[in-house]
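All values derive from a computational prediction rather than experimental measurement. Just the heavy atoms: all of them, side chains too, but no hydrogens, waters or symmetry mates, feed the values below. Sequence lines set the chain letters: A, B, ... in the order given, protein chains first and strands last, and positions in each chain run from 1.
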There are 4 protein chains.
Amino acid sequence: MSSNPRVTVWNENRHERTNPKAKEIYPGGIHQAIARFLTKAGMEAGTATLDEPAHGLTDEKLDNTDVLIWWGHLAHDEVQDEIVSKVQQRVLDGMGLIVLHSGHYSKIFKALMGTSCSLKWREADEKERLWVVAPGHPIAEGIGDYIELPEEEMYGEHFDIPAPDELIFTSWFEGGEVFRSGCAYTRGNGKVFYFRPGHETYPTYHNPQIQRVITNAVKWAQPVKRELPVRGNVQPLEPIGAKG
Amino acid sequence: MSSNPRVTVWNENRHERTNPKAKEIYPGGIHQAIARFLTKAGMEAGTATLDEPAHGLTDEKLDNTDVLIWWGHLAHDEVQDEIVSKVQQRVLDGMGLIVLHSGHYSKIFKALMGTSCSLKWREADEKERLWVVAPGHPIAEGIGDYIELPEEEMYGEHFDIPAPDELIFTSWFEGGEVFRSGCAYTRGNGKVFYFRPGHETYPTYHNPQIQRVITNAVKWAQPVKRELPVRGNVQPLEPIGAKG
Amino acid sequence: MSSNPRVTVWNENRHERTNPKAKEIYPGGIHQAIARFLTKAGMEAGTATLDEPAHGLTDEKLDNTDVLIWWGHLAHDEVQDEIVSKVQQRVLDGMGLIVLHSGHYSKIFKALMGTSCSLKWREADEKERLWVVAPGHPIAEGIGDYIELPEEEMYGEHFDIPAPDELIFTSWFEGGEVFRSGCAYTRGNGKVFYFRPGHETYPTYHNPQIQRVITNAVKWAQPVKRELPVRGNVQPLEPIGAKG
Amino acid sequence: MSSNPRVTVWNENRHERTNPKAKEIYPGGIHQAIARFLTKAGMEAGTATLDEPAHGLTDEKLDNTDVLIWWGHLAHDEVQDEIVSKVQQRVLDGMGLIVLHSGHYSKIFKALMGTSCSLKWREADEKERLWVVAPGHPIAEGIGDYIELPEEEMYGEHFDIPAPDELIFTSWFEGGEVFRSGCAYTRGNGKVFYFRPGHETYPTYHNPQIQRVITNAVKWAQPVKRELPVRGNVQPLEPIGAKG
């Protein structure tokens, strides 16, 4: 692991061009807002968006990406299957992946989880409180007992995901629901973190504690330095048949 | 596993003798209320209480117990260490254990968890809603998306337990907290289920859905039929030194 | 859960028609051998094979299947994507799935796992010893410390699967490798069990202990009786904005 | 997390004073050998031993310890209960703990696990091969598919521990057994890693790959920087009774 991970922030970047409220909050797009605070934290943070060729995810870009962040919502279906497969293979080979908010329904997240990833939801400007349930986890470093967001979209259980390898946050919502809102997985050699908050019409990614969690998650999700495991047909390491 | 588990419901049985409200709700004690609905469900359910000799947990009683249920609060310290060690060994040998509500702070639960088992709490007659986060688990059979209790004591995160092997319920509280309220573990050959609700001044154990969860949990926690694993010094199964 | 699960044993059924050794050991095909011992154990066990219309997995057949068993090897690619998606949805809705041996590389298992599911392998008639690492699990009921198979194909780590929700068996191989050979998962409302042994040229499915494990696994993988969780846009359960 | 963790290597230090073979391999004791390679890796590594006052684990020493390493065997019973409780509390408060080899049977490991921690064992100079089953885990960084030790004591399943939060290594033994030999846990705010190899009569801790694993584990086990969670009686964050 390095102290200087190279991050690519991928964003659909549609809401921010059409929805005045989203545009106002994230004038350069959510990807720019996220890349900015990661850069301030000393990381090399670039961006990629849906409407670039190959969605901005060329082999060269991916070769220089330790951790990929993913925000999508309206246009999950427009992401080419070929790119999704390529990203999935990169994760299995060790690249970190952080999936944000409505990215729960992206092709890449569903492919890695193997489940529907569906959930309850509601847009009602309601309060969310993200409680830390794993205070010893590096993703929760520097965070108090909870993070409070005055207004967010609600996501409620049952969230159809595999039980997280590590559950780090659980959200309380004003309207009466709970949600597993910070979920860590290992898939192949790669680490995956799903983090719930971040509806496009609220300034969630400007919140310093949310920024801290995403920054922590990037550090945690960096690939470990090692060869990929050998697979396929192999010779025995011990003589066979020498035994009783 | 059998369809007819033998259950012993252990209760401290102090509140019900001194607190008028508890006495009114559970005239024979919480243990009797629980034993009654388990008996109706076709199980052989007996009881044991703190003030009986050996706390009612003689070897003979434990020899005839497949699953032990534990409710305690005021007098955790009065439970003899010797009995705690005996119960712990029984669990490791396969006996199921269901720990209810304030039993989170019992000697037996702390010994099996290895952590402080402490938490936030508040008595304020507030609403609790237990959301199912593992709908495929047998302990959630027959339960809808959630169970709503109009008034309960609040328990809040961070709950200092090992991450559950399986997290089945998560509670929403009116006052703003969440809690991992249905937690399943395996320890040795035995299964352990912690289930949060059940403050002595509310009729929680008369709620049919709560009864269903506890009944499901007893079925799930039954010992599997098998020999205990061999441990200690063993002979090799293969010749040593025959190899390159 | 019922004591009488309805099982469908799906088999590619190609080796048994072309390889004399496989044909000799499993004259009616592996599916018939498995269905036979499940029927003896009191279950309703039917079969389905690759070359039947819809691979034998019609809606009617699946409507009457509590647990599906899957054996495939040579012809994973011939399984239609549409059938794979249908089976995946059934699992998420609660149907149990038991994947055997070379089924690790089937489309359905890879879709549910989200990983490559690749591994090391070797055909060298070597000894396998499956050690029980979760003696309290119902799938290990009635099994001693280990199961020994005098000759099997070797599968070795690293096996590219998500860390199992429950690891029940780990194999020792004569040639020097180990393998996580009994892996339990929950996906959606459904349970999935991967069980390693069963190369077509060895009489593994005639071994009483292997039969016991598969029988136990069918019981464990039965759907729990419940409604599917509500998902989608929902109304609040509590008034929003009534708070400070 | 810091790049410069402060480590205390605790050792019983009895074998090395009485057993000529152990003395020859580890002239200054196992603790010195371990502290030496950690120091070379840039860490601040001190030591503590059983026969020092307070077993060398004064409050001041523990105040300056980020990660504690534990090796014990002959004299587990001589470790004072008071010191064990103090160390357990430190772990729950965030201190990392790495338990080596026969430390599986130490009071501190058993207290944190809640199980018997017993196992099969044999001293027969046999080959051990530790396979990586979690190649993406930071503790496996820089390690190939496996580590081979020409001669070690055997530990075999069933190992009576809670299912590890993360299983990183599984051992193959020449005599026919397997063992979960690298097991990661979180308990409270602290991280715990059990690592099997290291019998006193073999030069295991001089093996560069074993040194790499222990060094990786120290980095992984460092405390995250954060306040301890608030626990006890708390005021509501939301008005109670304002709801329907």
Side-chain angles (χ1 to χ4, degrees), chain B residues 88-89 91-93 108-127 150-151 153-166 173-177 185-190 192 228-244, chain D residues 88-89 91-93 108-127 150-151 153-166 173-177 185-190 192 228-244:
Chain B
Q88 183 173 11
Q89 188 56 52
V91 171
L92 299 181
D93 289 350
I108 181 61
F109 191 60
K110 292 198 286 186
L112 283 162
M113 296 293 106
T115 56
S116 75
C117 300
S118 64
L119 44 73
K120 290 188 179 70
W121 60 274
R122 178 174 59 237
E123 294 187 40
D125 298 341
E126 70 195 275
K127 194 186 290 184
E151 290 188 329
E153 185 180 1
M154 186 283 295
Y155 282 2
E157 296 284 346
H158 175 248
F159 183 19
D160 186 21
I161 46 169
D165 294 341
E166 298 166 303
F173 285 97
E174 195 177 349
E177 289 87 0
Y185 297 91
T186 298
R187 289 299 181 263
N189 273 31
V192 178
L228 288 175
V230 173
R231 296 199 181 98
N233 196 349
V234 296
Q235 291 301 309
L237 299 161
E238 305 289 334
I240 291 171
K243 295 165 172 292
Chain D
Q88 182 174 12
Q89 188 57 52
V91 172
L92 299 181
D93 289 350
I108 180 62
F109 190 60
K110 291 197 287 185
L112 282 162
M113 296 293 107
T115 55
S116 75
C117 301
S118 64
L119 44 74
K120 290 188 178 69
W121 61 273
R122 177 174 60 236
E123 295 187 40
D125 298 341
E126 69 194 275
K127 194 184 292 184
E151 289 188 330
E153 185 182 0
M154 185 283 295
Y155 282 2
E157 296 284 349
H158 176 245
F159 183 18
D160 186 21
I161 47 170
D165 294 341
E166 297 166 304
F173 285 97
E174 196 178 347
E177 288 87 0
Y185 298 91
T186 298
R187 289 296 181 267
N189 274 29
V192 178
L228 288 176
V230 174
R231 298 203 177 96
N233 196 350
V234 296
Q235 291 301 308
L237 299 161
E238 305 288 335
I240 290 171
K243 294 166 173 291

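If you measure heavy-atom distances from Gln235(D) to chain B, the contacts under 4.5 Å come from the backbone alone. The part of Ala111(B) that comes within reach of chain D is its backbone (N, CA, C, O), which places non-hydrogen atoms under 4.5 angstrom from that chain. The contact between Glu177(B) and chain D is made entirely by side chain atoms (from C-beta outward), counting heavy-atom distances below 4.5 Å. Contacts of Leu92(B) with chain D are made by side-chain atoms alone, with heavy-atom separations under 4.5 Å and no backbone atom involved. Residue contact with chain D, scored on non-hydrogen atoms closer than 4.5 Å, involves the backbone and the side chain of Pro236(B) alike.
Note: Arg187(D) leads Glu126(D), Gln89(D), Arg187(D) in heavy-atom pairs under 4.5 Å with chain B. Here Val234(B) is the residue among Val234(B), Val230(B), Thr115(B) with the most heavy-atom pairs under 4.5 Å with chain D. Across Asp160(B), Asn233(B), Thr186(B), the residue that shares the most heavy-atom pairs under 4.5 angstrom with chain D is Asn233(B). Looking only at heavy-atom pairs under 4.5 Å with chain D, the residue among Gly188(B), Pro229(B), Pro162(B) that has the most is Pro162(B).
Glu238(B) has its side chain out of reach of Glu174(D): every pair of non-hydrogen atoms, C-beta onward, lies at least 4.5 Å apart. The closest side-chain heavy-atom distance from Ile240(B) to Arg122(D) is below 4.5 Å.
Nearest approach of Arg231(D) to His158(B), heavy atoms of both residues: NH2-ND1, 2.5 Å.
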